[in-house]
Amino acid sequence: MEDPSVEKIAISGPALASMIQRFSTSRGAVDGLIFGHVSLIAPTLSDDDSSSSSSSTLIATVTSFFCSSSSLSFYTPSGRVDPLLLRRLAQPQPPSSHLLGWFSGRRRTHLRPSLREFAVSNSLISNPNLTFPIQNSPAPPIAADLKPCLFFLFASPISDQTIHTHEYRAYQFRSSTHSFDPKSIDIVNIGPAFRGHYGAFSPNSQLPALPCELRVSPMNVDKGEESLGHLKKGLKAQSELDMCAEGLEVNSLSRLMGSEAVNYTSGVEELYEKMLVKIESLTRQVENSSAKIREQEDHNRKLRHKAARTAGL
């Protein structure tokens with residue numbers, strides 16, 4: 001069966017801007033993986049509109065990505081994908097998110113795929129363990145499964161320019177023709193005109209459903225086992241909440257419900273403030289770990305240079 005054609009690729013504006021920022025601030029060429037899902041959009045038929053399409057449309061939605069600090073992060077210089085490295089970089093992901101493909105960022109080059117990028121894309125779609133289903137696919141489906149066939153290419157201008165610009169283009173690698181098929185990118189921004197688009201996006205870190213009370217009822221004071229079970233549930237709920245918001249107690253969520261909901265503004269602001277504190281804490285951890293990785297890379301580079309000089313003597 002011929003591989004189905006993706007009509008267009010949807011990505012949120014912040015996600016695309018983040019990918020460009022990671023590329024622009026890197027020391028050299030970078031690459032990475034893109035995740036999301038592919039949905040089948042049913043045709044809209046109308047008796048008054050003779051130009052309406054009668055065929056379904058495949059829309060690829062990019063929800064997240066992984067960017068390495070250099071190139072050759074999951075493949076060899078010849079373009080062969082390393083399954084072990086790919087599995088390590090691609091996990092863990094939410095159940096609704098699949099590996100859609102990969103991207104490459106190159107400086108001062110033309111905006112067209114290279115032979116190595118052709119080999120990497122061909123190696124990705126040749127792996128039978130990387131297939132994933134199409135959402136909203138009818139029975140029988142138009143295709144049994146899809147493969148990670150998408151490819152994003154970022155490039156900076158060859159010559160110096162007054163305005164700092166970056167170019168990008170999206171492709172679908174077709175296994176039937178072994179060629180890159182250019183695809184349009186639908187950038188989804190915030191606003192009333194784009195509100196319907198966000199139905200295809202799902203959060204990767206959903207705030208779990210939590211109880212609003214940790215206090216033990218006076219009716220259950222003498223029931224030791226029931227009180228202990230209630231306390232364990234409360235501690236588990238507090239642990240889940242700590243993963244999303246730092247320093248916020250579960251019982252404070254009761255201010256967002258019931259008679260106190262009239263003055264819910266302060267509770268919401270406190271929730272967002274604690275969530276920002278958690279994000280900042282995670283950001284500092286990532287920055288520290290990245291600094292340690294750079295130090296280790298510099299140390300390894302010096303050791304390789306020293307070994308090469310020793311071998312040359």
Side-chain angles (χ1 to χ4, degrees), residues 10-26 32-37 61-69 89 91-97 187-218 227-294:
I11 183 173
S12 65
L16 180 60
S18 180
M19 297 175 71
I20 296 176
Q21 191 271 340
R22 292 295 301 272
F23 167 54
S24 62
T25 57
S26 64
L33 306 174
I34 54 179
F35 304 93
H37 55 267
T61 303
V62 178
T63 56
S64 61
F65 69 93
F66 165 80
C67 181
S68 66
S69 58
L89 298 178
Q91 293 181 350
Q93 291 295 323
S96 60
S97 182
I187 302 177
V188 182
N189 293 310
I190 298 176
F194 299 93
R195 190 168 297 162
H197 293 64
Y198 274 92
F201 292 87
S202 58
N204 292 334
S205 299
Q206 298 181 356
L207 192 67
L210 302 172
C212 296
E213 295 290 341
L214 279 180
R215 297 187 299 269
V216 179
S217 174
S227 300
L228 182 59
H230 185 82
L231 181 59
K232 288 182 178 180
K233 290 182 180 179
L235 293 176
K236 182 180 178 181
Q238 184 65 56
S239 177
E240 293 179 356
L241 182 61
D242 290 339
M243 297 180 65
C244 303
E246 190 169 308
L248 186 69
E249 297 183 0
V250 172
N251 52 18
S252 64
L253 297 178
S254 61
R255 289 182 296 176
L256 306 181
M257 303 175 61
S259 59
E260 299 184 21
V262 179
N263 301 322
Y264 72 96
T265 304
S266 60
V268 173
E269 291 178 350
E270 182 181 2
L271 174 61
Y272 287 163
E273 181 180 353
K274 299 301 182 181
M275 294 178 69
L276 290 176
V277 170
K278 183 65 176 182
I279 294 175
E280 291 177 357
S281 176
L282 294 175
T283 303
R284 288 193 296 268
Q285 294 179 14
V286 172
E287 290 177 351
N288 294 334
S289 61
S290 298
K292 292 180 179 179
I293 292 175
R294 293 194 195 98

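In what follows, residues are counted from 1 in the order of the sequence shown. Small disclaimer: the values here were computed from a predicted structure and weren't measured.
- Smallest separation of non-hydrogen atoms from Ala10 and Val188: CB-CG2, 4.4 Å.
- Residues Ser97 and Phe35 approach most closely at OG-CB, 3.3 Å, considering heavy atoms.
- In this view, Leu89 and Leu33, Phe66, Ser73, Phe74 satisfy the side-chain contact (heavy atoms from CB on, under 4.5 Å) rule, not counting sequence neighbours.
- Of the possible donor and acceptor atoms, none in the side chain of Ser239 sits under 3.5 Å from a partner among the backbone N and O of Leu235.
- Under the side chain to side chain donor-acceptor pair (under 3.5 Å) criterion, Ser68 pairs with Asp31, not counting sequence neighbours.
- Scored by the side-chain contact (heavy atoms from CB on, under 4.5 Å) test, Ile20 finds Leu16, Phe154, His166, Tyr168 as partners (sequence neighbours excluded).
- Side-chain contact between Glu273 and Leu276 is absent, with no heavy atoms from C-beta onward closer than 4.5 Å.
- Summarising the geometry, atom CD1 belonging to Ile11 is positioned 10.0 Å from atom OG1 belonging to Thr61; distances are rounded to the nearest 0.5 Å.
- Residues Gly36 and Thr63 come closest through the heavy atom pair CA-OG1, 3.4 Å.
- When all heavy atoms are compared, the tightest approach of Phe65 to Ser18 is CZ-OG, 3.4 Å.
- Under the rule for a side-chain contact (heavy atoms from CB on, under 4.5 Å), the partners of Ser26 that lie at least two apart in sequence or sit in another chain are Phe23, Val30, Arg107.
- A distance of 10.0 Å separates OG of Ser64 from CE of Met19, quoted to the nearest 0.5 Å.
- Between Arg284 and Ser281 the shortest side-chain heavy-atom distance falls below 4.5 Å.
- Partners of Glu287 by side-chain contact (heavy atoms from CB on, under 4.5 Å), not counting sequence neighbours, listed by chain and number: Thr283.
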